[in-house]
Structure formats: C-alpha cells, structure tokens
Amino acid sequence: ADISQREVVEHRLRQRETELVGFAGVVAHDLRSPLARIMGYADFLHEEAYDRLDGTQRDFLGRLRKGADNMRVLIDDLLDYATAENRPMVTVPVDLRRLAEEVARDRAGDRAAIIEIGELPTVHGDPTLLRQVLDNLIGNAIKYTPPDREPRIRVGCLPLEGGRWRCEVCDNGIGIPDRDRAAVFDAFTRVGGSENFPGTGLGLAIVHRIVERHHGEVGVDPNPAGGSVFWFTVPTDARLPAPL
Ligand code: ADP
C-alpha cells in the first residue's frame, strides 16, 4: 500500500510541476511583446540619435540594451523549459548523427570550435526535443571553454543492454568541481566559475526533463583529459515504454 501511496504523491507532484512550468511559459510568452517594444525603441535611439547623446546618456542606453538582451535570453530559456515539459511528444526514428551534425553546423557561428561526431545510432524519440538536448549540451561545451582555448568537443555513443544507448558530449572546458556535479541539472542552478559566462541555469534542467520523458538518465563525469563529459541514455528500441 505504501508503494502505491508514494506513487500517487509523486504523480501529484509531477502534475503540479507541469502546471508551474506551464504557467512560467505563459508568462514568458506574454512578456515577449512588451520586451520587443523596449528593445525596438532602444535600438531606434542607438541607430538614429546616438550622435546627439552625451557620454552618460550613451552609457545608460548601453545598459538598457544589455539588460533587455539578458531578459530576452531568460524569456527564450523559460519558453524552451515549458516546451520541454509540456510539448506533446511524438516517437519516431531519429538519426542522432544527422541531428548532431545539424546542431554543430548551427553552432559554428558561436565561435571557432572543433566538433568531432562519432558513429551515432538511430534512436526512438521526439526529434525536436532531442535536438534541444544536443543543442544545449554542445552549446554549453563551447560556452564553458575559456576564450583563450579552442573548444574541442566529441560527440559519441555506446550501446547498453536492453535496447538503449549512452550518448556523450566531451569537452575540454573549465570542468565542474566534484561537490557541484549533482546540482547542475536543477533549474536556475549555476556553479563554480560560470559567473564569467552568460546564462540562466535552465539549459541542463531542460536536458534533464527531455531525457526523463524518454525514460532515460543523464549525468556528468569529469573528463580525465580535463573538462567534462555530459551523457544521457536513449532508447533505440521502439518497444520500450511509451513516452511521458
Ligand atoms: P547556464 O549555461 O545557462 O548557466 P545550464 O543549466 O546549461 O545553465 O548549466 C548549469 C551550470 O552547469 C552552468 O552555469 C555551469 O556552471 C555548469 N555547466 C554546464 N555545462 C558545463 C560544461 N560543459 N562545462 C563546465 N560547466 C558546465
């Protein structure tokens, strides 16, 4: 009886979390248009009136645009978080290698980086959500490498027993202190050294939730060569339990 009671409580908590994240998504969505107006006027001042502003006014305008831009990133991340939680899932065969190549191509504009993509399987899941997983992991691998070092990233996979694969994204970045490793997948959590890099602390919470909806697990290990190895498991067998 204890077990079923526990399941009921867990189910209710899950539902409540889904509602909360859904609410955050609605609010984020509604904040988009007033923010677009603020950014529009600030951009207009920057383009059309900059010559007529004195030093202090230019400084304030710069801060206004920076603040608005940070808010845009937060809103986008909140919307992605709501999507990860609430988007109805489709389960189709997904060519993970092609997905990784697309993400690497899109991310090539961030900064020069070496991204090596190994043999990756065709898995079963939601292509939009799995793309988000790879994009967040590869994006972090690039971002959390100090500017004076070229990011070297390897995306690879290993088969596990029971129709699952373990995929990993290895980087040569700043790494994560042992004591912080367990916390990084929590929403809004940023750890050791990340103050120097822009972010909201939502990316890995999004990854965690999407992988969970695919009945997989996520984790991070230190890279023996320096940096981090983020990994997740995904089903390659369509007969595994239906997605959440
Ligand atoms: P964000 O990047 O917006 O801060 P994430 O949820 O993606 O949020 O990551 C949470 C924290 O985990 C980051 O602030 C950083 O401290 C740490 N982190 C994530 N990816 C890496 C990485 N590849 N190397 C080192 N630290 C990382």
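For the numbers below, each heavy atom of this structure counts, side chains included, while hydrogens, waters and symmetry mates do not. Values in this document were obtained by computation on a predicted structure and should not be read as measured data. For ligands, and for the atoms within them, numbers begin at 1 and follow the listed sequence.
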Of all the non-hydrogen atoms in the protein, which one sits nearest to [atom], and at what distance?
| atom | result |
| --- | --- |
| atom 26 (N) of ligand 1 | I176 CG1, 3.4 Å |
| atom 5 (P) of ligand 1 | L204 N, 3.6 Å |
| atom 7 (O) of ligand 1 | N140 ND2, 2.8 Å |
| atom 4 (O) of ligand 1 | R190 NE, 2.5 Å |
| atom 8 (O) of ligand 1 | G201 CA, 3.1 Å |
| atom 12 (O) of ligand 1 | V184 CG1, 3.4 Å |
| atom 10 (C) of ligand 1 | T189 O, 3.2 Å |

Under 3.5 Å, N or O to N or O, is [X] touching ligand 1 that way?
| X | result |
| --- | --- |
| V191 | yes |
| D77 | no |
| G203 | yes |

Exercise for the section: State, without any angle test, whether T122 and D95 hold a side-chain donor-acceptor pair at a distance under 3.5 Å. Expected result: no
Handout entry: Close side-chain approach of H124 to V92, heavy-atom, < 4.5 Å
Key = no
Exercise for the section: For the pair F230 and F185, name the ring-plane relationship: parallel under 30°, tilted 30 to 60°, perpendicular over 60°. Expected result: perpendicular
Exercise for the section: Nearest 0.5 Å please: distance from the CD atom of E150 over to the CZ atom of R152. Expected result: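 Answer rounded to 0.5 Å: 7.0 Å.
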Practice task
Could you tell me the separation between the CD1 atom of I138 and the CZ atom of R131, rounded to the nearest 0.5 Å?
Solution key: 9.5 Å
Practice task
Given side-chain contact (heavy atoms from CB on, under 4.5 Å), test C167 with V234 step by step and report yes or no.
Solution key: CA-CA 8 Å; C167 300; V234 267; 4.1 Å; yes
Practice task
Examine distances only and state if a side-chain atom of D54 and a backbone atom of Q57 form a donor-acceptor pair shorter than 3.5 Å.
Solution key: yes
Handout entry: Region of V207 that comes within reach of ligand 1 [heavy atoms, distance under 4.0 Å]
Key = neither
Problem - ligand 1-proximal atoms of D171, by part, heavy-atom distance under 4.0 Å - result: side chain
Exercise for the section: May I ask whether G175 places a heavy atom under 4.0 Å from ligand 1? Expected result: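 Yes.
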Handout entry: Electrostatic pair E85-R14, nearest N-O below 4.0 angstrom
Key = yes
Handout entry: Nearest-option assignment for atom 2 (O) of ligand 1, heavy atoms, candidates F197, F188, Y144, F230
Key =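 The nearest heavy atom belongs to Y144.
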Throw together a table of side-chain donor-acceptor distances under 3.5 angstrom for residues 22-39, partners on residues two or more places apart or in other chains.
{"from": "H29", "atom 1": "NE2", "to": "R32", "atom 2": "NH2", "distance (Å)": "3.4"}

Handout entry: Atom indices of ligand 1 within 4.0 angstrom of S194 heavy atoms, with elements
Key =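 With S194 as reference, the close atoms of ligand 1 come out as 14 (O), 15 (C), 16 (O).
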